[in-house]
Amino acid sequence: MTATFDAQALAVKYGLDRPGRSFAVEARASGYFVTGTDSGHRADAILHANQLTDPEAAKLALIGAIQTLAYMLDIDLAAVPA
């Protein structure tokens, strides 16, 4: 697993960004650790290296993780009383 990705750039490219929301990815020996934050809320995902041997597959998995984290953050923020 040698590919590196800019999670925030992928979020922008696929329309998953919004003001105050950020995504980051950290490559580790075991895979990728993906974090999304928004207004003090945080969601994390781990993509395991044994599932990501192809850089294109890793990119698609990362996009899916970012989509899932964006959805999780939307749910968290919706649950906050106005």
Side-chain angles (χ1 to χ4, degrees):
M1 187 181 66
T2 58
T4 59
F5 300 100
D6 180 343
Q8 191 64 38
L10 287 173
V12 170
K13 181 177 179 178
Y14 292 96
L16 301 168
D17 65 321
R18 64 175 55 164
R21 183 166 288 182
S22 65
F23 296 94
V25 63
E26 177 186 340
R28 298 181 179 177
S30 60
Y32 293 102
F33 186 77
V34 189
T35 301
T37 58
D38 190 343
S39 303
H41 295 260
R42 179 179 167 155
D44 300 311
I46 298 172
L47 304 174
H48 295 280
N50 61 351
Q51 300 169 335
L52 306 172
T53 56
D54 173 36
E56 189 61 26
K59 178 181 172 184
L60 292 173
L62 180 58
I63 293 165
I66 292 169
Q67 289 174 321
T68 301
L69 294 178
Y71 181 67
M72 292 168 62
L73 289 168
D74 288 343
I75 291 171
D76 280 355
L77 293 170
V80 174

Transitive ILVMFWY side-chain link Leu62 to Val12, under 4.5 Å: no

Asp6/Lys13 salt bridge by N-O under 4.0 Å criterion: no

Heavy-atom pair with the smallest gap, counting every atom of Phe5 and Pro55: CZ-O, 3.6 Å

Steps toward side chain to side chain contact (heavy atoms under 4.5 Å, CB included) verdict (Val25, Phe33): CA-CA 6 Å; Val25 63; Phe33 186 77; over 6 Å; no

Distance (rounded to the nearest 0.5 Å) between Arg28 CZ and His48 NE2: 11.0 Å

Pairwise salt bridge (Lys or Arg N to Asp or Glu O under 4.0 Å) hits with a residue in residues 60-72, at least two apart: none

Atom of Ala11, atom of Ile66 and distance for their closest heavy-atom approach: CB-CG2, 4.1 Å

Side chain to side chain contact (heavy atoms under 4.5 Å, CB included) assessment of Lys59 paired with Leu10: CA-CA 9 Å; Lys59 178 181 172 184; Leu10 287 173; 4.0 Å; yes

Any side-chain heavy-atom pair of Gln67 and Leu16 under 4.5 Å: yes

Verify same cluster id: Leu60, Tyr32 (apolar side-chain graph, 4.5 Å): no

Nonpolar side-chain network containing Tyr71, other nodes, edges under 4.5 Å: Ile75

Arg18 and Asp74 ion-paired at < 4.0 Å: yes

Residues that, via side-chain heavy atoms closer than 4.5 angstrom, fall in one hydrophobic cluster with Leu77: none

Shortest non-hydrogen contact from Ala43 toward Leu73: N-CD2, 4.2 Å

Considering all heavy atoms, the nearest Ala45-Ala65 contact: CB-CB, 4.3 Å

Nearest heavy atoms of Asp76 and Arg42, plus distance in Å: OD2-O, 4.5 Å

Shortest non-hydrogen separation from Gly36 to Leu69 and the atoms involved: N-CD1, 3.9 Å

Heavy-atom side-chain contact between Val34 and Ile46 under 4.5 Å: no

